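First comes the structure, then the notes that go with it.
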Amino acid sequence: MQARREKLQRLREANVDPYPHSFTRKQLAADILSDFDAYEGKEVAVAGRLMSLRRMGKASFAHLEDSSGRIQLYIRRDTVGEQNYEIFKLVDIGDIVGVTGSVLKTRTGEITIEVSEFRILSKTLRPLPVVKEKVEGDKRLVFDAFADKEQRYRQRYVDLIVNREVREVFVKRSKIIGSMRNYLLSRGYLEVETPILQPLYGGATARPFTTHHNTLDMTLYLRIANELYLKRLIVGGYDGVFEFAKDFRNEGMDRFHNPEFTMMELYVAYEDYHFMMDLVEDMFCTIAKAVNGSYQLTFQGKEIDLTPPWPRIPLLEAIEKETGFDLYEKPVEELRKIADELHISWDKSWGQGKFIDEIFSEKVEPKLIQPVFITDHPLSLSPLAKKHRDKPGLVERFEPFIAGKEMGNAFTELNDPIDQRERFMAQVALREMGDDEAQPLDEDFLRALEYGMPPTTGLGVGIDRLVMLFTDQASIRDVLFFPQMRPEQYRD
RNA sequence: GAGGGUAUAGCUCAGCUGGUAGAGCAGCGGCCUUUUAAGCCGUUGGUCGAAGGUUCGAAUCCUUCUACCCUCACCA
């Protein structure tokens, strides 16, 4: 760093502005690389960061990387002038430069810009981890990669500069969200925004973050979901509303959980969960085509095929198929015995729903590698879902599973205000028994339902997990630019 | 929240059973006008995550702490 400050000083002494205000670039690296014939011998102007430097006495090679890719530069003293070549010697890997020059191919066949003019656009003061790479055929071998996860997450900017694949993951993330948004907009649904700071949290079972508003002198919660607000909008008369929502849950963190995460929620009036299953299937396939160009994908070594139709299996059937036990309407005492037989440890406080949920996630979930809709969950686990039209004790709900992971959650929405009030009361009772994740009663939401909500189906999709799936990333931290970390002791 | 692992130069790592720290790359100084993980010669650089302890002596053994990673628990 000391050396770089000195170079900065020397640049200033040579009357070179190390931080000029702009540079007019005319091409991206990829433009030139992909159409050499058109550019050969022509003058081009590109700008980007120097990622490698091979200096010889009177000529140098370097690689310049911009958002599109990496192109080689050839700087000759005779072309650039002695004075400029001296200035070029003050350049470091990591510096951002703009160059003009003409396009040629070197002896070894690499497309290269022979630089006639170069300008330092931003002098770096910190050394970049130098990552060397070697291209062998279409394989890219990387040496001494910047790989320390802690540093990569804490200094994501460095990670992004140096690790191209990381940049690509986030480009894909944007494409996934973009194609989902297009899909929903093209079907005529309205993208909306609802409060993040809520006086009452609801729409999911989770512990919230709590904050305080000074002027109103009241407690506010960061939303754990936006479900109840979106349904109010359906009451208000919109046929379909959706929101890409940052939600916040004050719970443990691991490779599938970050305290803030993104969920897309969608509500469509006059439809039920069968409609929503069709939509999910079609939407996921549309995204897969748009982003990966294929219904097939590999996730952590597993081959996954999204080609529709996806099987739709009632949850209890899935359990029965896997374990041989039919759990429907079984009393708790019997469920305890079954759990024992399946070697699942349980707690006295567990009700029917909890047993079913546990047995499912223990015995069935890990096997759901190929896409499947698991449907018709126990009522006690789904306080906002409408009762099943034929199966008492169950609700009309489904969860799409891919690669052993739940990718979303949807139901035919409960629009009977009296039933909804009863469900809330049951939650309140749980709460009083010490379940701090049970949902609080939302009087205004009930009032909205009392004004009448059309039959409606709703969906929530965990966007981060979806991105993990499509980009083959094992950890949620690898699909978030800035995953939550403990503060570092900043030393320099 | 519980268990396990990791922490050595800017980056990637080595350092055996305790003897006072090393390599490659980067940096710095030279040589080199088609190189590409450029090469050659020379060279700088580390309170070995932090604090304490055992010892004549600790990067190495012990304790505590901190951060990160993995697994489990809770959850999406």
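Residue numbers start from 1 in every chain, and the chains themselves are labelled A, B, ... in the order their sequence lines are given, proteins ahead of strands. These values consider heavy atoms only, across backbone and side chains, with no hydrogens, waters or symmetry-generated copies. Everything numeric in this text was worked out from a predicted model, so none of it was measured.
- Distance noted for atom C1' between A26(B) and A37(B): 13 Å (whole Å).
- When the side-chain nitrogen and oxygen atoms of Q72(A) are compared with OP1 and OP2 of U35(B), none of them lie within a distance under 4.0 Å.
- Residues N84(A) and I75(A) have side chains not in contact (no heavy-atom distance under 4.5 Å, counting atoms from C-beta outward).
- Rounded to whole Å, the separation between the P atoms of G49(B) and C13(B) comes to 15 Å.
- Taking atom CG of L128(A) as the reference point, atom P of C25(B) lies 18 Å away to the nearest angstrom.
- For I224(A) and A76(B), the CD1 to C1' distance is 11 Å, given to the nearest whole Å.
- At whole-Å resolution of the value, CZ in R255(A) and C1' in A73(B) are 15 Å apart.
- Neither OP1 nor OP2 of G10(B) sits under 4.0 Å from any side-chain N or O of R126(A).
- Separation of the C1' atoms belonging to A50(B) and G42(B) is 37 Å when rounded to the nearest angstrom.
- Rounded to a whole angstrom, the distance from the C1' atom of U71(B) to that of G52(B) is 31 Å.
- Atom P of A38(B) sits at a distance of 11 Å from the matching atom of G27(B), rounded to the whole Å.
- Nucleic acid contact class of M485(A) (heavy atoms, under 4.0 Å, all strands): sugar-phosphate only.
- Below 30°, between 30° and 60°, or above 60°: for F284(A) and F470(A) the angle between ring planes is between 30° and 60°, a tilted geometry.
- Comparing E150(A) and V131(A) by the nucleotide of RNA chain B whose heavy atom lies nearest to each, the residue mapping closer to the 5' end is V131(A).
- With 3.5 Å as the limit, one finds no donor-acceptor pair spanning the side chains of D442(A) and Y201(A).
- Across the C1' atoms, G15(B) and G24(B) are found 15 Å apart, a figure rounded to whole Å.
- Residue K246(A) is out of contact with every strand shown, counting any heavy-atom pair closer than 4.0 Å.
- Here G10(B) presents its C1' atom at 11 Å from CD of Q155(A), a figure rounded to the nearest Å.
- Contact check on K172(A) versus E168(A) returns no salt bridge, with no Lys/Arg side-chain nitrogen under 4.0 Å from an Asp/Glu carboxylate oxygen.
- In this model, a donor atom of one side chain and an acceptor atom of the other lie less than 3.5 Å apart for Y183(A) and D282(A).
- Judged by Watson-Crick or G-U wobble contacts below 3.5 Å, the nucleotide A58(B) has no partner.
- Across all strands, A145(A) comes closer than 4.0 Å only to sugar-phosphate atoms, never to a base (heavy-atom distances).
- For C32(B), the OP1/OP2 oxygens have a side-chain nitrogen or oxygen of K58(A) closer than 4.0 Å.
- A donor-acceptor pair is defined here as one N or O able to donate and one able to accept, closer than 3.5 Å; no such pair exists between the side chain of R70(A) and the backbone of M51(A).
- Within the 4.0 Å cut-off from OP1 or OP2 of A38(B), at least one side-chain nitrogen or oxygen of R54(A) is found.
- D357(A) comes within contact range of no nucleotide atom at all, as no heavy-atom separation falls under 4.0 Å.
- Pairing partner, G10(B): C25(B), with both Watson-Crick or wobble hydrogen-bond distances short of 3.5 Å.
- In terms of phosphate contacts, R107(A) brings a side-chain nitrogen or oxygen within less than 4.0 Å of OP1 or OP2 of U35(B).
- Nucleotide A26(B) holds its P atom 16 Å from the CG atom of D95(A), rounded to whole Å.
- Among the heavy atoms of the strands lying under 4.0 Å from T205(A) are primed sugar atoms or P, OP1, OP2 only; no base atom is included.
- Nearest nucleotide to the side chain of F61(A), out of U35(B), C70(B), C69(B): U35(B).
- The phosphate of C69(B) (OP1 or OP2) has no side-chain N or O of S475(A) nearer than 4.0 angstrom.
- Using the Watson-Crick or G-U wobble rule with both distances under 3.5 Å, U35(B) pairs with nothing in any strand shown.
- Here the side chain of E358(A) is nearest to one of C70(B), C74(B), C69(B), namely C74(B).
- Between F209(A) and F248(A), the ring planes are perpendicular. Angles over 60° get that label, and only those under 30° would be called parallel.
- Nucleotides A51(B) and G10(B) have their C1' atoms positioned 26 Å apart, rounded to a whole Å.
- Between the side-chain ring of F261(A) and the base of A76(B), a stacking contact exists by the 5.5 Å and 30° definition.
- Backbone-only contact: R154(A) has heavy atoms under 4.0 Å from sugar-phosphate atoms and none from a base.
- Pair check for U71(B) finds A2(B); Watson-Crick or G-U wobble, both atom distances under 3.5 Å.
- Side chain D148(A) to base C11(B): no donor-acceptor pair is found below 3.5 Å.
- Residue-level contact check: A204(A) touches neither bases nor backbone, having no heavy atom under 4.0 Å from any strand.
- Between F256(A) atom CZ and A73(B) atom P there is a gap of 12 Å when expressed in whole angstrom units.
- Residue S52(A) is the one, among N409(A) and S52(A), whose nearest nucleotide of RNA chain B lies closer to the 5' end (criterion: closest heavy atom).
- What separates CZ of R4(A) from P of A26(B) is a distance of 12 Å, to the nearest Å.
- A cation-pi arrangement is found for R232(A) relative to Y229(A), the charged atom lying closer than 6.0 Å to the ring centre and inside a 45° cone about the ring normal.
- In this structure, L53(A) atom CG and A38(B) atom P are separated by 10 Å, rounded to whole Å.
- Closest to the side chain of E406(A), from the set A76(B), A37(B), A73(B), is A76(B).
- To the nearest whole angstrom, the two P atoms, one in A23(B) and one in A14(B), are 16 Å apart.
- The side chain of R477(A) has C70(B) as its nearest neighbour among U34(B), C70(B), A76(B).
- Contact between the side-chain N/O atoms of K132(A) and the OP1/OP2 oxygens of A26(B) is found at a separation under 4.0 Å.
- Here the side chain of V130(A) is nearest to one of U34(B), C25(B), C11(B), namely C25(B).
- For the pair R486(A) and A67(B), the criterion of a side-chain N or O lying under 4.0 Å from OP1 or OP2 is met.
- For the 3.5 Å distance criterion, the side chains of R477(A) and N258(A) fail to qualify, holding no donor opposite an acceptor.
- Counting any heavy atom pair closer than 4.0 Å across all strands shown, D247(A) reaches no nucleic acid atom.
- With distances taken from any side-chain atom of F143(A) to the nucleotides A76(B), A37(B), U34(B), the minimum falls on A37(B).
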